[in-house]
Structure formats: C-alpha cells, structure tokens
2 protein chains.
Amino acid sequence: MQRKFQAIYDLIAREIQAEKMEAGQLLPSENELTERFETSRETVRKALQLLSQNGYIQKLQGKGSVVLEQNKLPLPVSGLTSFKELARSMSQTVETQVLALKQKLAEGYIQEVLQCEKGTPVWELHRLRKLDGEAVIYDKDLLLAACAPALTEAIARDSIYDYLEQDVGLSISYARKEVVVEEAGSADAEVMDMGGYQQLAVVRSAVYLEDTTLFQYTESKHRPDKFRFVDFARRTK
Amino acid sequence: MQRKFQAIYDLIAREIQAEKMEAGQLLPSENELTERFETSRETVRKALQLLSQNGYIQKLQGKGSVVLEQNKLPLPVSGLTSFKELARSMSQTVETQVLALKQKLAEGYIQEVLQCEKGTPVWELHRLRKLDGEAVIYDKDLLLAACAPALTEAIARDSIYDYLEQDVGLSISYARKEVVVEEAGSADAEVMDMGGYQQLAVVRSAVYLEDTTLFQYTESKHRPDKFRFVDFARRTK
DNA sequence: CAGTGGTCTAGACCACCAA
DNA sequence: TGGTGGTCTAGACCACTGC
C-alpha cells in the first residue's frame, strides 16, 4: 500500500517548501489535480486537507486553495519533534552529553507520572544539550524499559526516537505537552550554564504509543534566552 | 446545511467529556455508527478523524477506537482560544482593564508586523488582565481598523472575537504563535504586578482571516508563575 | 475466520465566488 | 452562469486484530 493521498501531499508540500509555488498563488483546482494524478476527488481532498492542517495552504470556497507563506526559521518544539530533528535546522554546533542512564524499578514519583505498576522496570536518562558549547537544555527522560530493551549511551546521544521507531519498531503516536516557567533548582544550576538566569522554561511531555500505552515522560528544561516554541493553529468553531 | 459529521462529532465529544464513555473503552465500530446515525461510513470516519485530531480517541486498526483520558484543568492557550473562553474554565476571579484604545495610521513597526500599506488605519489596544486582583497578563493588540469599524472599550473588555465573529461576521481562520521568555521592560513593570519576577512569558500571535488576510497582531505578556501552555500533538511521519 | 479500521472510487447535490 | 470547494453516498478492496 502506497497511499496516494500521501504521495500527492508530499509532492505539493515539497513544491511549496522549495518555493516553486509562491505564497498567494492558487493551487490547481481539485478537479484538475484529480485528473493530473489520475485519482478520485476525495483522494485529492485528503491530501489538501493535510496541507491545510499543516499550514501550507488555505482553502477558499468558490475560489481555490491559496499557498500560504512559509515560516522562516522553523524551530518547532511544537508538534512532536525530537531534539535531533530540531538540531538539524539550526546553524549552531550541537552536542549531547549523557549524564546518567540507568534502570530503576518504578515507585513513588516515577510510578505516578508513568502511570505504571510498582516495580515496573524503567529507564532513567539525563541528558545535557549544548549549543555552541553552552549547556542550555537539560532533559530528564523516563521510559518503560520493556519498550526499549537495549538502550545505550550511544543511542541516547544520537536519537532515541530513531532507535525506537526504526530498530525496535515502535509507533510513537501522540503526546500531551505543557510549557511553564519555573525557578531553577540548585541541581539545575550545577549542570547547566545559567548565564545569570534564575528561571527555566520547562516542557513536560507524556508520549504515547499507537496502542495508547504511555511509555515516556520527559522534562526538558531550557535556559529562557534559548527557548522558543512555535505553533500553527486553526480556529475550531 | 447542517453537516452530519459535525453533529456526530459533537455528540460523541460531549459524551466523552461528560465521561459517559470512560477512558480505555471502545467506541462502537464504524459500521455500527453508520447504521445508528443512518449515514455512510465515510461520514462517520470524518467525525472520528476530528475526534482523533482533538485528542478524544485513538484509532487502532483491526480493533476499534479507544476513548482517551481527558485532560483535567484544560487551560489551553494552545489552539486558538481567546482570554474570555479561557477565563471561563478558571475558578479565580477575572477582570479586564482597558489601558488604551486608539486608532493610528500604520507606519514603521506597526506596518511591519501587520504587513500592510503605510497609512492603513489600525486599532491599537492595550489591556491588563487581573486574576484575583493581581495584574499578571498584559495584552497589546494591533488590528486592521477596516475589519473592526466600531470597536469600543466595552467590547474590548468583553471579547473581541465574539464581536468580530458574531457582529461583524468575520471568520477567524488560523494563527501563527510563538512563545518566548523575555526580560520585563520598565513599561511592563509599571502596569503589571511583577511579584518580584524580572522576566515574562511572551506569546506573540499573528491571526489570519479565512481569506488569508493578516488582521491582528498580538503580544501577550504573562507573569511566569501564572503562565501555562498546554498542547496535544500527533506525531507526523 | 469474521470483524475492525484504512484507502480509494465515481458520482451526486450544495454553497459560494467571479465574470 | 460556470467553476470552485464542501458534503454525502454506496460500494469496493486491503491490512490488521483476535479468536
């Protein structure tokens, strides 16, 4: 199965990103796209709906689909994006240092945030992210060990999501996130370059698999001057 | 036109919110819903897709649609939600004070952020939001005057979105948002109760109409301890 | 194997926009 | 008025799940 609507989406999204389609221009009509891709109109519409959701186009009844301006400097902590994917879009030098990687048995706080049985094996992972040599992001992860049997420092330094999705074959599906600003604790100040700041932007995420298992809880602390969260949202009526 | 899929969505969403459907339970199958609502399966699927997007359910191929746990304390600055809608879900007392409401002609900074012609009439609106008597949110709005001809202090104190959508008949469509943490300026400290904090969580939004007109630019500054941004995100592959 | 959701089709009618 | 997108239908075949 190759998913026609996905192929149509990819093609048009790439053209917009490559600015072969300029902002303000109209896409070919749905009927025209239906002919061009030799498919049905509903399939074309699925592709266009995806483009609309992701901020590529705006559909106008009676007129057509307008190409929207693309965000420059996309630094999306929004959506479900890992640090590695994020780092790619930044020009700065990026380095990840693994401070701790050990298995524990769930109890108390861990048991609570992962909503699992007492005694469930869990990975505890602490990582420090350096931009241009400065330690400005501090990630603490808790993961169900059953989902990531062979986690290593090398994987943690690279990308956990790549490992889980490509090697273990897990399907990460959705997450609930929360962004707040909190006082930096003494433990934070010990490992991070605080640069005189006393507060941290904290992103807490609960990440779920396709079968609705909660398998990861992450606390990501950012030095405020290095923090930015961008979002594209449609009005729901 | 009453949109069947919307009616099905509303009904199921309300049942989940009212916890008539418990988290973990399976929804009736698509075929069963098709019969129950006397419609076609594609229409049922449109409703279920909406429920999935908004975090109500998770679809599992071969099994069914699982009801997800609802967020307690939904305080969504995420999505496109106005202060009034937001305030409703909070137990605290809420008060809005209009500090300034005047028309200007666009130039320089205003012209740039609203991407309009020099000399375009623009509303400039400053509002202070008080929770439990403390001034903890400071909103600065710029709006195209052409879209909101008769803006008054009373409207600004109530809800601009209600006025625009219900009275003027505008359709707000989407927004790009950015969250950052910044130093509080002396002007901010003068009007806000800073409670010893030196920094502010700043949400900048550009809001667009259905015809892709950029009509509002907002800067919303929150005292860090009163700021919270929650998000539901699906992984895009 | 039967039942589930995932994809796709060909056609219909409607609401909206511009000429 | 003709073209656009919005909604809906009835049916088909596929992939996956659990028994």
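Note on naming: letters A, B, ... go to the chains in the order of the sequence lines (proteins, then strands), and numbering restarts at 1 for each one. Quantities reported herein were computed from a predicted structural model and do not represent experimental measurements.
Between A:E38 and B:R45, the residue whose closest nucleotide on DNA chain C is further toward the 5' end is B:R45. If you find the closest nucleotide of DNA chain D to A:S65 and to A:E42, the one lying nearer the 5' end belongs to A:S65. Nearer to the 5' terminus of DNA chain C, by closest-nucleotide assignment, is the contact made by B:K59 (compared with the other of B:K59 and A:Q61).
Between C:dT9 and A:T43, a contact under 4.0 Å exists linking OP1 or OP2 to a side-chain N or O. Contact check, A:K63 against C:dA18: a side-chain N or O comes under 4.0 Å of OP1 or OP2.
Residue-level contact check: A:L60 touches the backbone only, with heavy atoms under 4.0 Å from sugar-phosphate atoms and none from bases.
In the set C:dG5, C:dC8, D:dT9, C:dC8 carries the atom at the smallest distance from any side-chain atom of A:S40. When distances are taken from the side chain of A:K46 to each of D:dT9, C:dC8, D:dC8, the shortest belongs to C:dC8.
Partner B:Y9 forms a side-chain contact (heavy atoms from CB on, under 4.5 Å) with one of B:L51, B:V44, B:L48 and no other, that one being B:L51.
Counting non-hydrogen atoms of other residues, nucleotides and ligands closer than 6.0 Å to CD of A:Q25 gives a total above 12.
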Given B:E32 and B:R36, is the salt bridge (Lys or Arg N to Asp or Glu O under 4.0 Å) satisfied, shown in steps?
CA-CA 6 Å; B:E32 198 177 328; B:R36 187 178 302 181; 3.2 Å; yes

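Annotation: proximity of residues 24-36 of chain A to DNA chain C (heavy atom, distance under 4.0 Å) is found for no residue.
Judged as a side chain to side chain contact (heavy atoms under 4.5 Å, CB included), and not counting sequence neighbours, the contacts of B:E153 are B:V98, B:L101, B:R157.
Panel note: side chain A:W123, backbone A:L144; no donor-acceptor pair is recorded below 3.5 Å.
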